[in-house]
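We number each residue from 1, following the sequence as shown. We count ligands from 1, going down the list as the structure has it; atoms in each ligand are counted the same way.
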Amino acid sequence: MVYQTQICIIGAGPGGATAALQLAKLGIECIVADKAVFPRDKICGDGLSGKVAAILDKIDPEIIKKFQQEPYKQNSFGILFTAPNRQPVPVPFSLNYQKNKHNSRGFVSKRIDFDHFLIQQIRQQQKITFLENAHIVTHTLTPNGYTLSDEKEELTIHAQMLIVANGAHSRFAKETGGITMDPNHHIAGIRAYYNNVKGLHQDGFIELHFLKNVLPGYFWIFPLPNGSANVGLGMHSSILHRQKINLKKLLLEIIETDPILKNRFTGATPQGGIDGYGLPLGSKRRKLYGNRYVLIGDAASLIDPLTGEGIGNAMYSGFYAANIAAKAVEHQNFSENFLQQYQNDIDRVLGAELKMSTTLQKLASRPWLFNLLMNKAAKSAELRNLLTAMFAEIDVRKKLANPLFYLKLIFNK
Ligand SMILES: Cc1cc2nc3c(=O)[nH]c(=O)nc-3n(C[C@H](O)[C@H](O)[C@H](O)COP(=O)(O)OP(=O)(O)OC[C@H]3O[C@@H](n4cnc5c(N)ncnc54)[C@H](O)[C@@H]3O)c2cc1C
């Protein structure tokens with residue numbers, strides 16, 4: 001089968017799906033090609049932050065309203081941080097969340113469900129041609145665009161421009177974009193599903209346990225409906241290599257022997273195995289565009305280095321990629337120069353946040369500082385409010401990334 005299109009999106013994860021929905025909204029036809037057949041799983045913590053709701057609202061507020069009705073997701077209203085000294089500090093996403101429980105903006109949803117939900121939105125758009133089981137293996141630049149073909153050489157797509165959204169192992173990002181895996185800017189993550197985990201937060205707070213032997217990574221428990229949970233562990237790849245840590249072994253060790261956590265897992269049963277995947281971090285600025293293409297999501301290494309959140313950033317980048325692609329179609333200009341605007345948009349929207357998270361992630365590797373912050377936060381409503389605001393306001397993150405802030409904490413008894 002041979003297709004001609006102005007825009008082809010490679011990959012239909014949250015980044016690619018968002019780009020397609022935004023293009024459709026702008027009245028531009030596109031092809032989305034994914035190697036998988038949906039519903040398909042993706043190894044993830046399954047946490048969806050307020051960013052996901054915010055970007056879907058920009059496209060069509062009805063989408064998030066529909067998602068709020070889905071039975072398989074868990075509403076989540078905050079984060080429970082646990083410092084290395086095991087001091088727990090609950091930080092709600094919004095101060096008056098108790099009054100707005102009907103309008104949750106944070107969720108935990110298995111990716112097999114969430115990604116399929118987005119695919120269902122795509123299928124409703126006439127302007128989107130969605131091709132499953134389309135494993136793109138070659139991309140060749142021609143004078144008129146890119147020619148793509150699949151493994152079996154049964155599919156050929158001629159596209160004037162590409163939005164590359166095929167995740168952390170993107171061959172295009174490596175071969176054409178020059179982005180290679182850098183262990184200093186990369187996390188290895190594993191996750192498992194458990195039934196009957198005790199003590200899950202009644203308002204679906206996700207739990208980040210900054211255990212001493214895992215810093216600057218963390219152990220997480222993200223609650224799902226009916227007492228099940230996504231349980232996982234993420235650590236910097238450079239540390240893993242240096243210290244020869246076996247993540248799966250460490251996860252089981254924590255569950256079975258940690259003095260606080262082991263009680264919560266007595267009687268809990270694993271559903272399926274423990275699976276792992278890489279998280280390319282946005283702690284290093286990369287070039288995300290070139291002649292006739294832009295990179296988005298994990299293919300662009302845009303994961304938040306502090307929280308490991310990548311879904312929201314993939315969707316934001318998909319949104320801005322669609323906007324620049326629509327402009328490129330309008331001006332019939334797909335040059336590298338023209339597409340540079342995309343990088344400017346990403347720098348403007350995500351740049352400061354990624355920088356701040358990079359600084360905070362470095363601070364988080366010092367257990368004493370983390371303990372100090374959490375001890376103070378446990379006692380001070382003002383500081384907890386500040387941490388809540390960190391999720392919504394970039395200026396607050398700036399404050400938290402400033403060493404002076406911690407000096408004041410130390411000397412302000
Ligand atoms: C263990 C772990 C835990 C995580 N936890 C969280 C979390 O709780 N919250 C959060 O926000 N983020 C989390 N992340 C990060 C998040 O999973 C990613 O940032 C997010 O999936 C990126 O979306 P994407 O659309 O860029 O790529 P993906 O979701 O990876 O989608 C890429 C798509 O491209 C397709 N594809 C790949 N190659 C090809 C090809 N050659 N041809 C055609 N199609 C192709 C794939 O089938 C896939 O559908 C976690 C990641 C890991 C590994």
For ligand 1, which part of [X] has a heavy atom less than 4.0 Å away: the side chain, the backbone, both, or neither?
X      : result
Lys42  : side chain
Ala134 : backbone
Arg40  : side chain
Ala33  : backbone
Ser49  : neither
Pro14  : both
Ile303 : side chain
Arg111 : side chain
Leu279 : side chain

Does a side-chain N-to-carboxylate-O contact under 4.0 Å join [X] and [Y]?
X      : Y      : value
Asp115 : Lys42  : no
Glu62  : Lys65  : yes
Asp182 : Lys284 : yes
Glu253 : Lys248 : no
Asp258 : Lys262 : no
Lys110 : Asp41  : no

Measure the distance from atom 27 (O) of ligand 1 to every protein heavy atom, then report the residue, atom name and distance (to 0.1 Å) of the closest one.
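The closest heavy atom on the protein side is Gly167 CA, 3.8 Å.
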
To the nearest 0.1 Å, how far is atom 23 (O) of ligand 1 from its closest protein heavy atom, and which atom is that?
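Going atom by atom, the protein heavy atom closest to atom 23 (O) of ligand 1 ends up being Ala314 CB, 3.6 Å.
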
Looking at non-hydrogen atoms alone, which of Leu118, Asp34, Asp41, Asn166 comes nearest to atom 37 (C) of ligand 1?
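Among Leu118, Asp34, Asp41, Asn166, the closest heavy atom to atom 37 (C) of ligand 1 comes from Asn166.
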
Regarding Lys287 and the six-membered ring of Tyr289, is the cationic atom NZ or CZ under 6.0 Å from the ring centre and inside 45° of its axis?
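So Lys287 does make the cation-pi contact.
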
Expected list for residues 194-202: side-chain donor-acceptor pairs under 3.5 angstrom, two or more places apart:
{"unit_1": "Lys198", "atom_1": "NZ", "unit_2": "Thr266", "atom_2": "O", "d": "2.6"}
{"unit_1": "Lys198", "atom_1": "NZ", "unit_2": "Thr266", "atom_2": "OG1", "d": "3.1"}
{"unit_1": "His201", "atom_1": "ND1", "unit_2": "Asp203", "atom_2": "N", "d": "2.9"}

Can you find an N or O of [X] that's nearer than 3.5 Å to an N or O of ligand 1?
X      : answer
Ala299 : no
Gly15  : yes
Gly189 : no
Gly47  : yes

By the definition side-chain contact (heavy atoms from CB on, under 4.5 Å), identify the one residue from Asn291, Thr5, Asn333, Leu339 that meets it with Met161.
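Exactly one pass, corresponding to Leu339.
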
With a 3.5 Å distance limit and no angle check, can you tell me whether Asp46 reaches the backbone of Val108 through a side-chain donor-acceptor pair?
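Between the backbone of Val108 and the side chain of Asp46 there is no qualifying donor-acceptor contact (under 3.5 Å).
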
